[in-house]
Amino acid sequence: AQLRRVKTFAQYFSEWRHLKVLLGTSIAWFSLDVAFYGINLNSSIVIGAIGFAGDIHADRPSRYITRNCLGNIIINILGSVPGYWISVFTIERLGRVRIQLLGFAALTVLYLILGFAYHQILDKSSGTFIFIFSLAQLFQNFGPNVTTFVIPGEVFPTRFRSTAHGISAAMGKLGAIVAQGGFLQLKDIGGKDAWIDHLLQIFALFMLIGFVVTFWIPESKGKTLEEICDEREEYY
């Protein structure tokens, strides 16, 4: 029975029209998590690097920690939390794919701005950087951070759905590992936190990749699972 399940799985995904959906969900999730975990696991580093938290050597430790916490709270209140609720209230109206495309497109632009204008923005105001950074957090949750989880649970036939969703999720976690290892290894090239602007540019590239592969994924809004998936008998 196990061998037969493997055979039918391989048969189903040997067709490009099915394989491209799995590749789309997997690569999109991987691309998102490279930036999502690269940013969110290191947001305190970013807030400290841009000077919003003050000077860790000159200020009292309590002031530095308080400012860093304040920066994280601002980012979450302005970005992450509203983005999530916008997705909740619009996902059935706008559709999963449209929200994912919108999110990846916005994140590509915002990370390009933060990456290439990093020093120019910081020379004017660290608050402006925090605002744009918060806007990026909003479009993570009003975008692929919600849809990359939702879509794989809807676009595959019942027999393969849990496996395909697991493959997609595993690719996402691989992206998280790459992000954390890469961020910590690369951020200090040329000096302490000197490479953060280039990391933001790299994150923009991954957002662009996510945008492109999203076109391989069918829209599931307003459709039954039978309509979305190819449930033909020969796969069973």
Are [X] and [Y] packed together at the side-chain level, in the sense that at least one heavy-atom pair is separated by less than 4.5 angstrom?
X      : Y      : value
Val88  : Phe142 : no
Gln137 : Asn76  : no
Phe131 : Ile74  : no
Leu199 : Trp195 : yes
Thr8   : Phe160 : yes
Pro82  : Leu78  : no
Phe9   : Thr163 : yes
Ile113 : Ile121 : yes

In this structure, would [X] and [Y] fall into the same cluster of hydrophobic residues linked by side-chain contacts under 4.5 Å?
X      : Y      : answer
Ile77  : Ile75  : no
Leu138 : Val150 : yes
Leu70  : Val81  : yes
Tyr84  : Phe104 : yes
Ile196 : Leu186 : yes

Task: Pairs meeting criterion ring pair (Phe, Tyr, Trp, His ring centres under 6.0 Å) with involvement of residues 25-45, two or more places apart - done: Trp29-His165
Open item on the list: Treating Asp197 as the side-chain partner and Tyr118 as the backbone partner, does any N or O pair qualify as donor plus acceptor under 3.5 Å?
Closed with: no
- [ ] Indicate yes or no for a side-chain donor-acceptor contact from Ser125 to the backbone of Thr128 under 3.5 Å, with no hydrogens or angles considered.
- [x] yes
How long is the straight-line distance from [atom2] of [Y] back to [atom1] of [X], given to the nearest 0.5 Å?
X      : Y      : atom1 : atom2 : result
Phe133 : Leu200 : CZ    : CG    : 7.5 Å
Thr66  : Ile73  : OG1   : CD1   : 9.5 Å
Gln100 : Asn145 : CD    : CG    : 10.5 Å
Leu22  : Ile217 : CG    : CD1   : 10.0 Å
Ile39  : Leu107 : CD1   : CG    : 10.0 Å
Lys221 : Arg96  : NZ    : CZ    : 9.0 Å

Open item on the list: Please verify the inter-ring angle class for Tyr12 with His18; under 30° counts as parallel, over 60° as perpendicular, anything in between as tilted.
Closed with: parallel
- [ ] Output yes when Arg161 and Glu154 qualify as a salt bridge under the 4.0 Å nitrogen-oxygen rule, no when they do not.
- [x] no
Open item on the list: One pair to check against side chain to side chain contact (heavy atoms under 4.5 Å, CB included): Ile91 and Ile99. What are the steps and the verdict?
Closed with: CA-CA 7 Å; Ile91 195 166; Ile99 288 176; 4.1 Å; yes
Open item on the list: Let's go through Leu23 and Trp16 carefully: what are the C-alpha distance in whole Å and the side-chain angles of both, what is the deciding distance for side chain to side chain contact (heavy atoms under 4.5 Å, CB included) to 0.1 Å, and is it a yes or a no?
Closed with: CA-CA 10 Å; Leu23 290 174; Trp16 170 246; 3.8 Å; yes
Which pairs would a plain distance check flag for residues 201-213, meaning a side-chain donor or acceptor within less than 3.5 Å of a matching protein atom at least two apart in sequence or in another chain?
residue, atom, partner, partner atom, Å
Gln201, OE1, His198, ND1, 3.4
Gln201, NE2, Gly115, O, 3.2

Residues 168-179 side chain polar contacts: donor-acceptor under 3.5 Å, at least two apart:
residue, atom, partner, partner atom, Å
Ser168, OG, Thr25, OG1, 2.8
Ser168, OG, Ala164, O, 3.0
Lys173, NZ, Asp33, OD2, 3.1

TODO: Give a yes or no on this: more than 12 heavy atoms of other residues, nucleotides or ligands lie within 6.0 Å of atom CD of Gln120.
DONE: yes
